[in-house]
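Notes to accompany the following structure.
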Amino acid sequence: MKNIGFLSFGHWTPSPHSQTRSASDVLLQSIDLAVAAEELGVDGAYYRVHHFARQLASPFPLLAAVGAKTDRIEIGTGVIDMRYENPLYFAEDAGAADLIAKGRLQLGISRGSPEQAVEGWRHFGYQPAEGESDADMGRRHTEVALQVLSGQGFAEPSPRPMFPNPPGLLRLEPHSEGLRQRIWWGAGSDATARWAASRGMNLMSSTLKDDETGEPFHIQQAKQIQAFRDEWAKHDHGFAPRVSVSRSILPIVSDQDRAYFLGQRDSKDQIGMIDEKTRAIFGRSFTAEPEVLVEELAKDEAVQAADTVLVTVPNQLGVDYNAHILESLVEHVAKPLGWK
């Protein structure tokens, strides 16, 4: 059995060809798609976070709204760029959203990827300390967030507080018990997967990673998962880790599917440079009739190794069509593969 979730990048554009022509459209439709996905038996609703772009950005109002409108589905991010985050505000907002959702948040975070704005995190008031890179800063913000999410007191109480304090040092409120174990790290390399394991975070691996061996993407990703699990076994975090992988999977079951996605078949892994120093491998898309997808995905070593599969959705095609994709995925792909 595997958990199946959708991952929406939350694109919007003021075009007559888009069903999401404004930020309002994409936010409201993101809630509606989570409700529809829950009704279809999908396990998770996940959202990408990008700043300075016509995409979803500030995640916690959306996560809280989805939590209030649903009952069962996991609600998460893939991923929040911690270079932009005040870790204490992050912990407060996350705690509040998780309480509204009754403990269903699964928060994917990372040190960040190339963004729309040059050093956009500077506009948010953050800059690396002396000798730090921006990636180091993101990991430092993460370490602080993980510490305060544990619920331990750390702030000296005022001797003359406005309201009575509990005894001892003060923790951040609201605190949501168990959220600390539902933090995931978006790892782009084997080394960062091991780092995540050492810090007690679940592993979130997307459709790209550093090209470290020249092997096919799914084999490199499976090795990354094994490196994560090997490192986890060296520590006593007190809970079993989870691992997710992302895939683009589009079952062709109707003429409308063929009209939208004809010509996207037989895609292969791609190699590219995500910055001047990093050679990355991008995983292929899976676009075919269900029986072909079942055969191809059964050979994907990383998919087989993960307990959760996040399927990217073309959100600009609207809620109804994306619900159709998810229903096709559950009925014609996940069930034959034994995922559901």
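Keep in mind that what you see is a predicted model, and the values were worked out from it rather than measured. The figures that follow rest on heavy atoms only: side chains count, while hydrogens, waters and symmetry mates do not.
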Query raised in the report: Is Tyr47 reachable from Leu105 through a run of I, L, V, M, F, W or Y residues, each pair having side-chain heavy atoms under 4.5 Å apart?
Result: yes

Report summary line: Hits for ring pair (Phe, Tyr, Trp, His ring centres under 6.0 Å) against Tyr321, two or more places apart or cross-chain, chain-then-number order -> Tyr260, His324

Report task. Verify whether one side chain among Gln152 and Ser150 offers a donor that lies under 3.5 Å from an acceptor in the other. Result -> no

Query raised in the report: Judged by modelled atom types alone, do Gln226 and Asp230 share a side-chain donor-acceptor pair under 3.5 Å?
Result: yes

Query raised in the report: When clusters are formed by joining ILVMFWY residues with side-chain heavy atoms under 4.5 Å apart, either directly or through shared neighbours, do Leu297 and Val294 land in the same one?
Result: yes

Query raised in the report: With distance as the sole criterion, is a donor-acceptor pair present between the side chains of Gln127 and Arg122 under 3.5 Å?
Result: yes

Query raised in the report: Quick check, are the ring centers of Trp232 and Phe239 under 6.0 angstrom apart?
Result: yes

Query raised in the report: Can you name the side-chain contact (heavy atoms from CB on, under 4.5 Å) partners of Asp32, sequence neighbours left out?
Result: Val319

Report task. Run through Tyr126, Tyr89, Trp121, Phe90 and flag the one making a ring-ring contact (aromatic ring centres under 6.0 Å, His included) with His141. Result -> Tyr126

**Report entry** Arg83 with Glu85: basic N within carboxylate O range, under 4.0 Å
**Finding:** no

Query raised in the report: Hey, are Ser15 and Ser18 close enough side-chain-wise for a donor-acceptor pair under 3.5 Å?
Result: no

**Report entry** Glu291 atom CD, neighbour heavy-atom count above 12 within 6.0 Å
**Finding:** yes

Query raised in the report: Under a 4.5 Å side-chain heavy-atom rule over Ile, Leu, Val, Met, Phe, Trp and Tyr, are Val309 and Ile225 clustered together?
Result: yes

Query raised in the report: With under 30° as parallel and over 60° as perpendicular, where do the rings of Phe9 and His50 fit, or are they tilted in between?
Result: tilted

Requested in this report: State whether Glu215 and Lys223 are salt-bridged, where the test is any N-O pair (Lys NZ or Arg NE/NH1/NH2 against Asp/Glu carboxylate O) under 4.0 Å.
Outcome: yes

Query raised in the report: Using 4.0 Å as the upper bound for N to carboxylate O, is an ion pair formed by Asp43 and Lys2?
Result: no

Query - Within one Ile-Leu-Val-Met-Phe-Trp-Tyr cluster: Ile73 and Leu62, side-chain cutoff 4.5 Å - result: yes

Query raised in the report: When you look at Val49 and Val79, which way does the side chain to side chain contact (heavy atoms under 4.5 Å, CB included) test go after all the steps?
Result: CA-CA 6 Å; Val49 179; Val79 291; over 6 Å; no

Query raised in the report: Are Trp184 and Gln106 close enough that a side-chain donor and a side-chain acceptor fall under 3.5 Å?
Result: yes

Query raised in the report: Less than 4.0 Å between a side-chain N and a carboxylate O, is that true for Glu296 and Arg247?
Result: no

Query raised in the report: With a cut-off of 6.0 Å (strictly less than), are more than 12 heavy atoms of other residues, nucleotides or ligands near CD of Glu177?
Result: no

Query raised in the report: Does the pair Leu250 and Phe261 meet the rule for a side chain to side chain contact (heavy atoms under 4.5 Å, CB included), with working shown?
Result: CA-CA 8 Å; Leu250 293 162; Phe261 300 111; 3.6 Å; yes

Query raised in the report: With the threshold set at 4.0 Å, does a side-chain nitrogen-carboxylate oxygen contact exist between Arg140 and Glu143?
Result: no

**Report entry** Asn315-Gln29 side chain donor-acceptor pair, cut-off 3.5 Å
**Finding:** no

Report task. Could you check Thr70, Asp98, Asp71 and say which one makes a side-chain hydrogen bond (donor to acceptor under 3.5 Å, both in side chains) with Arg104? Result -> Thr70

Query raised in the report: Which pairs with one or both residues in residues 301-320 pass salt bridge (Lys or Arg N to Asp or Glu O under 4.0 Å), sequence neighbours excluded?
Result: Arg242-Asp307

Query raised in the report: Are Ser205 and Gln224 close enough that a side-chain donor and a side-chain acceptor fall under 3.5 Å?
Result: yes

Query raised in the report: Just by distance, with hydrogens left out, do Arg48 and Thr312 show a side-chain donor and acceptor under 3.5 Å apart?
Result: no

Query raised in the report: Distance-only, no hydrogens or angles: does the Ser176 side chain make a donor-acceptor pair with backbone N or O of Leu179 under 3.5 Å?
Result: no

Query raised in the report: Can Lys209 and Asp190 be counted as an ion pair, charged N to O under 4.0 angstrom?
Result: yes

